[in-house]
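Below you'll find the structure, written out as structure tokens, and then a few comments.
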Amino acid sequence: MEEEVKKSQNFIEEIVEKDVQEGKLGGRVQTRFPPEPNGYLHIGHAKAICMDFGVAEKFGGVCNLRFDDTNPTKEDVEYVDSIQEDICWLGFKWGNIYYASDYFQQLWDLAEKLILDGKAYIDEQSAEVIAQQKGTPTTPGVESPFRNRPVEENLALFRKMNSGEVKDGAMVLRAKIDMSSPNMHFRDPIMYRVITDHPHHRTGYKWKAYPMYDFAHGQSDYFEGVTHSICTLEFVVHRPLYDWFIDQFADTDYRPRQYEFNRLNITYTVMSKRKMLQLVQEGLVAGWDDPRMPTICGLRRRGYTPEAIKNFISRIGYTKYEATIDVSMLEASVREDLKTRANRVCAIFEPVKLVIDNYPDDAQETLTTENNPDNESAGTRDVTFSKELYIERGDFMEDAPSSFFRLTPGGREVRLKSAYIVKCTGCVKDSDGNITEVHCTYDPDTKSGTEGGNRKVKSTINWVDTKSAREVEVRLYDRLFMVENPSASEQDFRELLNPDSLKVIKGCIVDNQLAEAKPLEHFQFLKQGYFTVDKDSTPDKPIFNRTVSLKDNWAKKN
RNA sequence: UGCCCUAUGGUGUAAUGGUAGCACAUCAGAUUCUGGUUCUGCUUGUCUGGGUUCGAAUCCUAGUGGGGCAACCA
């Protein structure tokens with residue numbers, strides 16, 4: 001038997017594996033994916049999802065979905081629904097669905113306990129003053145004048161914060177820790193604030209005082225029994241605070257252990273929900289699912305598959321180094337996946353008529369072509385062929401350099417894909433000098449699949465029979481931004497949008513069989529790229545989105 | 001004048017004290033009824049200085065560079 005090469009694990013998998021082997025927490029593995037329902041999931045979340053669900057699956061544990069919904073001003077059920085849809089589409093299954101709002105009462109009770117223990121107080125200063133007193137990373141903060149309020153007063157005011165008697169912003173509950181801590185999060189962090197004018201998407205107006213994320217997240221993990229609390233690097237400095245809160249009330253040794261990995265950055269895009277929301281709200285893209293967006297729903301509409309996304313994620317790895325991934329790696333992943341998945345068809349973007357002068361005027365024949373040379377099980381299909389075809393205007397050149405091996409008058413023979421070998425004889429122009437027809441002659445003995453068809457030629461030309469041609473709309477997508485890292489620029493990121501990120505081609509010619517294709521069906525338009533049917537596509541008005549182009553070495557050199 | 005994290009080809013990522021490997025990108029050649037795919041090959045890397053060791057990308061130390069931390073956001 002061959003020795004199986006063990007695929008190297010990332011550092012978090014190694015930690016979990018060791019914990020399981022040592023029987024820590026009974027060898028139990030429980031993770032969670034904790035999004036805030038304030039936006040659509042993007043490919044950075046997919047990285048977290050693959051980690052959270054992947055670790056649970058790999059080590060026989062469970063991964064729950066938890067919505068960290070502690071800020072009703074930003075959250076909405078629209079996002080709760082889309083997040084679930086996207087996780088399912090990616091192919092992951094959660095154990096339970098939880099909400100941080102499920103724990104509002106428990107958190108409230110803990111807050112009261114902290115007050116009674118003299119470890120929390122009500123501050124009536126403004127947000128600005130509190131921020132000033134916080135100091136800076138290099139200078140210590142100063143203590144609030146309200147810091148040493150009597151316990152009973154704190155408790156009474158805290159209850160008023162939740163009764164509607166306190167206006168938004170008038171009071172907050174702060175933990176009494178250390179205003180000179182080198183960790184800014186220990187400088188008396190805010191635990192509760194008042195929000196009266198926004199209903200919570202699940203609890204309505206029941207609560208007026210809402211816990212801050214820092215007071216809810218760690219405890220939520222604790223309440224649920226999370227073993228490995230995996231998140232991104234920006235939460236490293238929060239970890240000691242989560243531990244501190246839990247230490248104030250926990251009466252066992254159990255603790256969720258937090259581990260942090262690098263978040264995903266990709267060139268030529270932005271990966272911040274705030275910026276994406278701006279693009280959507282200002283109409284700079286067509287919505288969260290605009291195929292140029294790095295959202296899961298955008299990638300889906302663009303024609304990406306769950307497998308392509310997951311392969312990409314597993315290739316880029318998890319470390320503690322803040323890296324930026326070249327977008328070409330994402331593109332390579334989807335090309336690889338679509339290669340065996342997508343049937344090949346001819347699509348003519350800029351059509352010109354090709355007339356075969358020695359082909360009988362009224363004849364029409366049916367030819368057979370393979371659906372996918374990289375996937376035999378895809379089978380074959382029939383296409384019609386006759387005297388007049390559409391070909392790509394760029395496949396003909398009147399005065400061609402020797403490196404051009406397509407159609408040119410008196411040039412070499414070329415093959416019409418799955419049909420005959422032809423020789424270009426010339427072209428017809430209108431009074432303005434525009435080429436209206438390209439002419440050629442064909443060799444009847446060179447039909448594909450016959451012995452005569454085995455002749456080697458330098459090039460193969462795509463075509464669509466004019467008798468079965470169908471006009472469709474094609475949307476060519478390119479990178480959303482002109483610069484590698486829009487967030488690093490001095491300029492506002494909106495000024496860096498690529499004006500050519502969407503090109504719409506209306507009169508694209510395909511075989512009319514293609515009009516029946518269903519949304520999210522994948523195709524390779526030969527020599528052009530991979531395409532999928534847009535969700536707005538109808539049999540009357542078919543629309544195709546370009547997922548990714550094919551690599552084109554010839555265009556690159558010219 | 002702080003605290004935390006971090007540094008391996010162009011971009012990512014492995015090597016867990018013992019031959020620096022893989023992917024993407026790039027370049028060259030072969031194959032091809034897609035100038036795609038596939039195959040082969042080339043070029044390119046351990047941030048710097050000390051130390052430990054028979055042996056250091058790996059451990060220690062000091063620098064340097066990068067990232068994060070000062071929301072009533074998460």
Side-chain angles (χ1 to χ4, degrees), chain A residues 7-8 10-11 14 34-36 38-39 68-71 73-75 100 123 126-127 130-132 134-141 168-174 180-185 187 190-195 210 212-214 216-217 233-240 260 262 267 273-274 312 315-333 335-336 339-340 344 346 369-370 373-374 403-406 414-419 421 448-449 453-462 524-529 549-558:
Chain A
K7 190 190 181 288
S8 67
N10 63 60
F11 73 101
E14 285 178 357
E36 184 191 15
N38 70 340
D68 272 339
D69 53 352
T70 54
N71 184 358
T73 65
K74 291 187 175 170
E75 294 150 11
D123 198 335
S126 69
I130 290 176
Q132 266 177 11
K134 210 146 213 173
T136 71
T138 52
T139 56
D168 294 30
M171 292 180 193
V172 291
L173 179 70
R174 299 178 72 182
S180 59
S181 170
N183 183 335
M184 297 295 289
H185 296 275
R187 324 251 262 225
I190 291 167
M191 296 163 60
Y192 272 83
R193 76 302 210 175
V194 179
I195 300 171
Y210 287 91
M212 298 288 291
Y213 176 84
D214 276 353
H217 182 80
L233 246 23
E234 68 268 29
F235 293 104
V236 168
V237 287
H238 296 245
R239 191 200 321 140
E260 308 89 1
N262 60 343
T267 55
K273 275 198 273 189
R274 187 183 61 80
F312 167 72
R315 273 176 202 186
I316 60 176
Y318 297 82
T319 67
K320 300 175 90 160
Y321 173 73
E322 186 78 20
T324 300
I325 309 292
D326 195 321
V327 70
S328 64
M329 214 176 290
L330 215 209
E331 294 173 342
S333 291
R335 283 193 193 103
E336 181 186 288
K339 180 166 72 92
T340 51
R344 274 57 168 168
C346 290
T369 188
E370 56 190 346
D374 293 314
S403 63
F404 182 85
F405 34 88
R406 302 182 189 178
V414 302
R415 183 188 312 277
L416 295 173
K417 173 71 181 171
S418 302
I421 290 173
S448 291
N454 288 337
R455 198 151 84 216
K456 297 283 177 211
V457 293
K458 190 73 176 164
S459 183
T460 299
I461 300 292
N462 298 142
Q524 186 196 101
F525 291 178
L526 285 162
K527 299 185 182 178
Q528 297 286 1
S549 66
L550 255 33
K551 286 204 279 188
D552 190 346
N553 288 321
W554 187 65
K556 222 183 290 180
K557 285 178 199 166
N558 290 269

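A note on names: the letters A, B, ... follow the listed sequences, proteins ahead of strands, and every chain is numbered from 1.
- In this entry the distance linking CG of A/Asn553 with P of B/U31 reads 16 Å, nearest Å.
- Side-chain proximity of A/Ser8 to the nucleotides B/U13, B/U34, B/A15 is greatest for B/A15.
- The distance between atom CG of A/Asp552 and atom P of B/U34, rounded to the nearest whole Å, is 14 Å.
- When each of B/G2, B/G12, B/C72 is scored by its nearest atom to the side-chain atoms of A/Pro182, the top-ranked nucleotide is B/G2.
- When each of A/Val457 and A/Tyr318 is assigned the nucleotide of RNA chain B with its nearest heavy atom, A/Tyr318 is the one assigned upstream, toward the 5' end.
- Within 4.0 Å of A/Phe525, counting heavy atoms only, lies no atom of the nucleic acid at all.
- Residue-level contact check: A/Phe235 touches the bases, meaning some heavy atom is under 4.0 Å from a base atom.
- Residue A/Lys456 is in sugar-phosphate contact alone, with no base atom involved, counting any heavy-atom pair closer than 4.0 Å across all strands shown.
- Taking only side-chain atoms of A/Asn262, from C-beta outward, the nucleotide of B/U13, B/A23, B/A14 with the closest atom is B/U13.
- Side-chain to base pairing of A/His238 with B/A74: one donor and one acceptor N or O lie within less than 3.5 Å of each other.
- A/Leu550 comes within 4.0 angstrom of a nucleotide base, judged by non-hydrogen atoms across all strands.
- The phosphate of B/A74 (OP1 or OP2) has a side-chain N or O of A/Arg193 nearer than 4.0 angstrom.
- Nucleic acid contact class of A/Arg344 (heavy atoms, under 4.0 Å, all strands): base.
- Contact annotation: the side chain of A/Leu416 approaches that of A/Ile461 to within less than 4.5 Å [non-hydrogen atoms, C-beta and beyond].
- Residue-level contact check: A/Tyr192 touches neither bases nor backbone, having no heavy atom under 4.0 Å from any strand.
- Taken from CD in A/Glu36 to OG1 in A/Thr70, the straight-line distance is 6.5 Å, to the nearest 0.5 Å.
- Of the candidate nucleotides B/U13, B/C72, B/A23, B/U13 has the atom lying nearest to any side-chain atom of A/Thr319.
- Checked by atom type and distance alone, the side chain of A/Ser459 pairs as donor or acceptor with a backbone atom of A/Phe405 at under 3.5 Å.
- Residue-level contact check: A/Gly449 touches the bases, meaning some heavy atom is under 4.0 Å from a base atom.
- Annotation: B/A14 and B/C22 have their P atoms spaced 15 Å apart (nearest Å).
- Straight-line distance from the CZ atom of A/Arg187 to the P atom of B/G2: 13 Å, rounded to whole Å.
- Ring pair A/His238/A/His185 is tilted by interplanar angle, where 30° to 60° counts as tilted.
- Taking the C1' atom of each, B/G12 and B/G45 are spaced 13 Å apart, rounded to whole Å.
- Residues A/Leu330 and A/Phe312 have side chains in contact (heavy-atom distance under 4.5 Å, counting atoms from C-beta outward).
- Closest approach to the A/Val237 side chain among B/C69, B/U34, B/A71 is made by B/C69 (side chain taken as heavy atoms from C-beta onward).
- Among the heavy atoms of the strands lying under 4.0 Å from A/Lys527 is at least one base atom, whether or not backbone atoms are also near.
- Of the listed nucleotides (B/U13, B/C72, B/U34), B/U34 has the atom at the smallest distance from the side chain of A/Pro373.
- Nucleotides B/U19 and B/U58, compared at atom C1', are 16 Å apart to the nearest Å.
- One finds no side-chain N or O of A/Asn462 lying less than 4.0 angstrom from the OP1 or OP2 phosphate oxygen of B/U34.
- The shortest distance between the side-chain N/O atoms of A/Lys74 and the OP1/OP2 oxygens of B/A74 is not below 4.0 Å.
- Atom NZ in A/Lys320 sits about 10 Å away from atom P in B/A7, given to the nearest Å.
- For A/His185, taking side-chain heavy atoms from C-beta onward, the closest of the listed nucleotides B/A70, B/C72, B/U34 is B/A70.
- Using a 4.0 Å cut-off, no side-chain N or O of A/Thr324 falls inside it from OP1 or OP2 of B/U11.
- Picking from B/U6, B/C69, B/A71 the nucleotide with the shortest atom distance to the side chain of A/Pro137 gives B/C69.
- In this structure, A/Asn262 contributes its side chain and A/Thr319 its backbone to a donor-acceptor pair below 3.5 Å.
- Donor-acceptor pairing under 3.5 Å, judged by distance alone, is absent between the side chain of A/Arg335 and the base of B/G36.
- Between A/Leu550 and A/Gln524, some side-chain heavy-atom pair lies under the 4.5 Å cut-off.
- One can find a donor-acceptor pair under 3.5 Å joining the base of B/U34 and the side-chain atoms of A/Gln524.
- Among the nucleotides B/C73, B/G35, B/U13, the one closest to the side chain of A/Glu36 is B/C73.
- Taking the side chain as every heavy atom from C-beta outward, A/Gln528 and A/Asn462 never approach each other to under 4.5 Å.
- A/Arg274 comes within 4.0 angstrom of no nucleic acid atom, judged by non-hydrogen atoms across all strands.
- Between A/Thr70 and B/A74, a side-chain N or O to OP1/OP2 separation shorter than 4.0 Å is present.
- Helical stems in RNA chain B, defined as runs of 3 or more consecutive Watson-Crick or G-U wobble pairs with donor-acceptor distances under 3.5 Å: B:2-7 with B:64-69, B:10-13 with B:21-24, B:27-30 with B:38-41, B:47-51 with B:59-63.
- Within the nucleic acid shown, A/Ser333 has no heavy atom closer than 4.0 Å to any nucleic acid atom.
- For A/Ala127, taking side-chain heavy atoms from C-beta onward, the closest of the listed nucleotides B/U13, B/C72, B/A74 is B/C72.
- For the OP1/OP2 pair of B/A25 and a distance below 4.0 Å, the side-chain nitrogens and oxygens of A/Lys551 include at least one atom meeting the criterion.
- Taking atom OH of residue A/Tyr321 and atom P of nucleotide B/G45, one finds them 17 Å apart after rounding to whole Å.
- One finds no side-chain N or O of A/Asn10 lying less than 4.0 angstrom from the OP1 or OP2 phosphate oxygen of B/A14.
- Remark: side-chain polar atoms of A/Arg344 are not paired, donor with acceptor, to backbone N or O of A/Thr369 under 3.5 angstrom.
- Mapping A/Leu233 and A/Pro35 onto RNA chain B via the closest heavy atom, the residue that lands nearer the 5' end is A/Leu233.
- As judged by a 4.0 angstrom heavy-atom cut-off over every strand, A/Ser418 is placed among the base-contacting residues.
- The base of B/G36 is paired with the side chain of A/Asp374 by a donor and an acceptor separated by under 3.5 Å.
- Residue-level contact check: A/Ile325 touches the backbone only, with heavy atoms under 4.0 Å from sugar-phosphate atoms and none from bases.
- Separating the P atom of B/G67 from that of B/A28 is a span of 36 Å, rounded to the nearest Å.
- Remark: the backbone N or O of A/Gly169 is not paired with any side-chain donor or acceptor of A/Arg193 at under 3.5 angstrom.
- When atom types are taken as modelled, the side chain of A/Arg335 and the backbone of A/Ser549 share a donor-acceptor pair closer than 3.5 angstrom.
- Using a 4.0 Å heavy-atom cutoff across all strands shown, A/Val172 reaches at least one base atom of the nucleic acid.
- A/Asn71 has its side chain out of reach of A/Asn38: every pair of non-hydrogen atoms, C-beta onward, lies at least 4.5 Å apart.
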